[in-house]
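Working notes for the structure below.
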Amino acid sequence: MKKIQVITLLPEIFEPVINSSMLFKAQKIGAVDYQLINLRDFGIGPRQQVDDTPYGGGDGMLLMIEPLMKAVKQAKANDPTAEVVLMSPRGQTFDQPIAEQLAQDECGLILLCGRYEGVDERIMSEVDKMISIGDYVLTGGEIPAMTIIDAVTRLLPGVLGGEKSAEIESFANGTKMLEFPQYTRPEEYQGMKVPSVLLSGHHGEIAKWRDNHRLEKNTD
Ligand code: 4GX
């Protein structure tokens, strides 16, 4: 079973995602176990403070080292061999091979979600890798963490089910090329018809049509 812990100030926003059908099923069959750790629980003082202004000045707030360190230590106590991944625009850009690698690794994951302007740099002493989901600026690492959770979970054994295994759906088919156009009922909608070859039952012809209609991914 893949254990995924998430350290976040917004644990509640993960609930509808991890309880959505595919991810819920993945937990039910024991393919994955999600654990949400609320960074606020490790806050300092009566206000449970987690952020403060940067030394040297500058805009905004940073997550303080003490709550971050305590939260990471607890996650590591739960799962001593887990890999700590910081969601950061400075990280390696997430893609399907990284998702496959994370799904295959035996060790658990601790996804650390920063907010505000970032985290006290000293937390890097506990971080094994940084991952970005793309070159744009978000308000926090939560959506990146959800992206990783979703992409990794569907690759775990037994989650997709049936023939459509993560192996069969290769990287080339999955992301480098667009899928061929697909249609379901009705045969005609507002004058738009399903290509007749797809209704023909000629499997050879259908395969040929699909191959001819595979599109290269737009890269501009
Ligand atoms: N892919 N952000 C994290 C705060 C922050 C900054 C530095 C840690 C280190 C992002 C992305 C992203 C904005 C999430 C800054 N935390 N994360 N946040 N794109 O833009 O992953």
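Values in this document were obtained by computation on a predicted structure and should not be read as measured data. Atoms within each ligand, like the ligands themselves, are counted from 1 in listed order.
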Nearest-neighbour protein heavy atom for atom 8 (C) of ligand 1, which is reported as residue plus atom name and distance: Met87 O, 3.6 Å

Closest protein heavy atom to atom 5 (C) of ligand 1, given as residue, atom name and distance to 0.1 Å: Gly118 CA, 3.4 Å

Atom 2 (N) of ligand 1: the protein heavy-atom neighbour that sits closest, reported with distance to 0.1 Å: Pro89 CD, 3.8 Å

Numbered atoms of ligand 1 (with element) below 4.0 Å of Val137, judged on heavy atoms: 20 (O)

Heavy-atom donor-acceptor pair, Lys76 side chain to Ala82 backbone, under 3.5 Å: no

Verdict with supporting geometry, Val50 and Arg115, side chain to side chain contact (heavy atoms under 4.5 Å, CB included): CA-CA 10 Å; Val50 294; Arg115 290 234 129 220; over 6 Å; no

Cationic N near anionic O, under 4.0 Å, Asp211 to Lys208: no

Ser132 contact mode with ligand 1 (heavy-atom cut-off under 4.0 Å): both

Under 3.5 Å: N/O of Gly134 near N/O of ligand 1: yes

Close N or O approach (Tyr136, ligand 1; < 3.5 Å): yes

Nearest protein heavy atom with distance in Å, relative to atom 9 (C) of ligand 1: Ser88 OG, 3.8 Å

Any donor-acceptor pair under 3.5 Å from Arg90 side chain to Met130 backbone: no

Main-chain N/O of Phe24 paired to Asn19 side chain as donor or acceptor, under 3.5 Å: no

Sidechain-backbone polar pair: Gln5 side chain, Ala75 backbone, donor-acceptor under 3.5 Å: yes

Pro144 neighbourhood, listing ligand 1 atoms whose heavy-atom distance to it stays under 4.0 Å: 1 (N), 17 (N), 21 (O)

Check against side chain to side chain contact (heavy atoms under 4.5 Å, CB included), Lys129 and Leu102: CA-CA 12 Å; Lys129 64 169 79 151; Leu102 293 176; 3.9 Å; yes

Protein contact to atom 20 (O) of ligand 1 [nearest heavy atom, distance to 0.1 Å]: Leu138 N, 2.9 Å

Element-labelled atoms of ligand 1 that are located less than 4.0 Å from some non-hydrogen atom of Gly141: 3 (C), 14 (C)

Lys3: which of Asn78, Asp79, Thr81, Asp33 passes side chain to side chain donor-acceptor pair (under 3.5 Å): Asp33

Nearest neighbour in protein (non-hydrogen) for atom 18 (N) of ligand 1: Gly114 O, 4.1 Å

Shortest protein heavy-atom distance from atom 1 (N) of ligand 1, along with the residue and atom involved: Ile133 N, 3.0 Å

Heavy-atom donor-acceptor pair, Lys2 side chain to Cys107 backbone, under 3.5 Å: yes

